[in-house]
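Read the structure below first, then the notes.
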Amino acid sequence: MNLSEAKAKVKEVYNIVDLVEQESVTLSISGPGEYKGLCPFHNEKTPSFKVSEPFQNYICFGCGATGDIFSFIQETRGCSFVEALKFLAESKGIEITDAYSKDEKPKVDLKRMYELIKDTDLFYRSEFDKLDNSHPAKKQIIDRGLDINNKVFGYAPERYGALYEHLKAKGYSDELMLQSELICEKDGKYFDFFYRRLTITLADFSGRPVSYSARKLFENDTRGKYVNGKASPVFQKKATLFNLNLAKKTSRLENKIILSEGPFDVLAIVKSGYENAVASCGTAFTEEHLKAARQLVGESGELIFAFDGDSAGIEAAMKIFLHFPVAHSISKVALFPEGKDPCDYLQSEGAEAVKEIIDNAKPLADFVLRELANHIELTDMDSRYRFIKTLVSKYLTVVTDKILLEYLIRKASVMSGIEMNKITALYSETKNSVKTRKITEPEGPIHQELKLKIELNNLDESDLCYVRGLSLLVRYPLILAPKLSKFTIPEKFLPFLHEYKNAVNKTFSAGHPYRFIYDEYDDQDFAKLLQQTSEKFLVYNDDETISHHFDLIMTYAEAVYIEQMRQNELSRISAALADAKTPQEIAELLTLREQTKTKR
């Protein structure tokens, strides 16, 4: 089945309460269909983590984490949505169409593929153990002062078909081997993707081997210094971080993670005393990488980028600022001396020297200012203006945090001697120019259809009361649904209530507990608003309190709604009086106005 079908099926077969408990969170009942426990995303002594069975979601009133079964797996395992979906589907035996490509691919037995890669890992390690310490594969590690007994190291032997023959003898099919991208085929002949190379195992969040990064050993090897595995059903470079499976626990506890550019850098940093170091795998850092890191350390955690001090390292740090505004205020840069990576520095200066560089990492924003000033050299008015012009046009326009923006403008003013108000004016002018250059499509019928059926930004007082009341209703259907007929409901809410009634009746008649899933409704935005309202404000422990509060809210909403209708009617009468032409029309309208004024 495709992604959409798999998502629906996974929602159907999972209960979030069971899933959360499977992930080592102890829950206790706190109300009808409501559970509480210690939050898995931050340290706490008093339970503030709430799980709702009716809504199939969770919220932590301590750290603000909220979501459904998919986001729970994403946050606890630091993976993408597709990876979370695949994990949940695989655990329940749900077959899913390959999610890493838009094209339809042959059916993949993921369980068997993980077994294949595990056997590959054991094979590479066995080949590595056979080598003498003088072999280039082991010398690469020994010369860097790293541990050759670390199980991430292996060796892909020189013979092109060695791995293929080993896996074939294990009973794996040619099709599965090709799907793993560890075996290639040309003209009907099969050969290994990696050969004559030191291999470094890349694992997923759970620690399962998924692919490899392979280091060049021999001069006559014409491929690049590092060759990384190709994308497969279980591996994506843009979403995989080396050592994340081992770094996740410390990263969560310390709210800090160190990101570097390669496996050897990570191993050197780990040897220097840090367990929370990870690296990208043959690619620049991506949104998926940053998302996984931020999910581990939280919104107020620290991302420390440890780069070589050469031009490439500096450029990489500057790109982090340009491409990931969400990381501006929580990122720091640890730059090693030019010409040395963490491994080199560990060898020449020792672990304490590595720790000193990382512990003294500079905030990313300050790093950008300093490097820009060093590049332009603020020696005269012309260079100072170029510094400000470059800073504003290239860097400040991507900043979304207003406090950080003010800080950068203030500091740039001090560095350049140019007044803050002039820099601010240049920023505003540049920002407005960027906005006017953006292409905007004209308003048309399609855009009109995309607008909310209920305009959420224009909710009046009675609407807001109804939203709060309805958010109680969808959370506690068994208690509150029978009471709904007592109240006057505005026509705008009736389509949603009709869908809601059908959904509740359908699940109850099938003998299942009702689950409120907002994206199953025609007006998803309104349904999501109800869910978010209930998550933030409404937590009750007994039926009587729920029922009483619902009565109070809906009674007040109804009263405000009726009063609004009365005022609207009076406005229409006044408009009609202004247009009345005969004494009889005026008399009738005056009488109607008095009746409307006194009507309750």
Side-chain angles (χ1 to χ4, degrees), residues 31-34 52 54-55 451-508 514-518 520-577 589-600:
E34 309 291 331
S52 169
F55 277 157
K451 288 183 176 179
L452 292 180
K453 285 171 282 301
I454 297 176
E455 294 287 351
L456 301 183
N457 293 329
N458 296 311
L459 291 175
D460 56 32
E461 186 179 4
S462 71
D463 288 340
L464 291 171
C465 292
Y466 279 115
V467 164
R468 187 148 189 171
L470 294 178
S471 66
L472 262 178
L473 171 72
V474 298
R475 192 174 192 120
Y476 305 107
L478 282 174
I479 302 168
L480 302 179
K483 302 173 71 70
L484 195 61
S485 60
K486 291 170 45 180
F487 302 101
T488 302
I489 306 295
E491 188 175 345
K492 66 173 76 173
F493 298 121
L494 295 182
F496 168 80
L497 286 173
H498 178 71
E499 285 185 281
Y500 172 73
K501 179 182 176 182
N502 289 340
V504 172
N505 289 339
K506 181 179 178 181
T507 54
F508 284 166
Y514 176 66
R515 300 175 178 180
F516 183 78
I517 303 172
Y518 72 83
E520 292 182 351
Y521 286 82
D522 183 41
D523 192 347
Q524 291 184 18
D525 295 281
F526 180 65
K528 188 173 184 179
L529 174 67
L530 295 182
Q531 178 174 313
Q532 291 172 338
T533 303
S534 67
E535 288 171 351
K536 292 180 179 179
F537 302 111
L538 307 171
V539 180
Y540 299 100
N541 297 323
D542 61 88
D543 294 6
E544 185 177 349
T545 302
I546 295 167
S547 182
H548 177 65
H549 200 70
F550 182 73
D551 284 342
L552 288 176
I553 292 175
M554 294 300 287
T555 300
Y556 181 72
E558 183 180 56
V560 174
Y561 173 65
I562 291 173
E563 176 61 20
Q564 286 177 344
M565 294 302 99
R566 192 168 66 89
Q567 292 299 326
N568 289 342
E569 180 64 19
L570 287 172
S571 297
R572 284 193 290 271
I573 294 171
S574 296
L577 274 170
L589 287 170
L590 288 172
T591 301
L592 181 59
R593 185 173 67 177
E594 290 306 310
Q595 291 173 346
T596 304
K597 282 183 178 180
T598 57
K599 184 168 62 177
R600 288 290 182 266

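In this text the structure is predicted, and so the values were computed from the model without any measurement.
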Rounding to 0.5 Å, atoms NZ (Lys492) and CZ (Phe526) come to a distance of 9.0 Å

CE of Met554 to CG of Leu473, rounded to nearest 0.5 Å, is 7.5 Å

4.5 Å side-chain heavy-atom contact, [X] and [Y]:
X	Y	result
Pro477	Tyr500	yes
Ile489	Tyr561	no
Leu470	Leu497	yes
Val474	Phe496	yes

Contacts of Leu552 meeting side-chain contact (heavy atoms from CB on, under 4.5 Å) (sequence neighbours excluded), chain-then-number -> His548

Return the minimal non-hydrogen interatomic distance between [X] and [Y], and the atom names on each side.
X	Y	result
Tyr476	Pro32	CE2-O, 4.0 Å
Phe550	Gly469	CE1-O, 3.3 Å
Gly33	Pro54	O-CD, 3.3 Å
Ser471	Leu530	CB-O, 3.3 Å

For residues 480-488, please give each side-chain donor-acceptor pair under 3.5 Å, one per line with the distance, not counting sequence neighbours.
| from | atom 1 | to | atom 2 | distance (Å) |
| --- | --- | --- | --- | --- |
| Lys483 | NZ | Ser547 | OG | 3.2 |
| Lys483 | NZ | Asp551 | OD1 | 3.3 |
| Lys483 | NZ | Asp551 | OD2 | 3.2 |
| Thr488 | OG1 | Glu558 | OE2 | 2.9 |

Which label fits Tyr466 and Phe493: parallel for a plane angle under 30°, tilted from 30 to 60°, or perpendicular past 60°? tilted

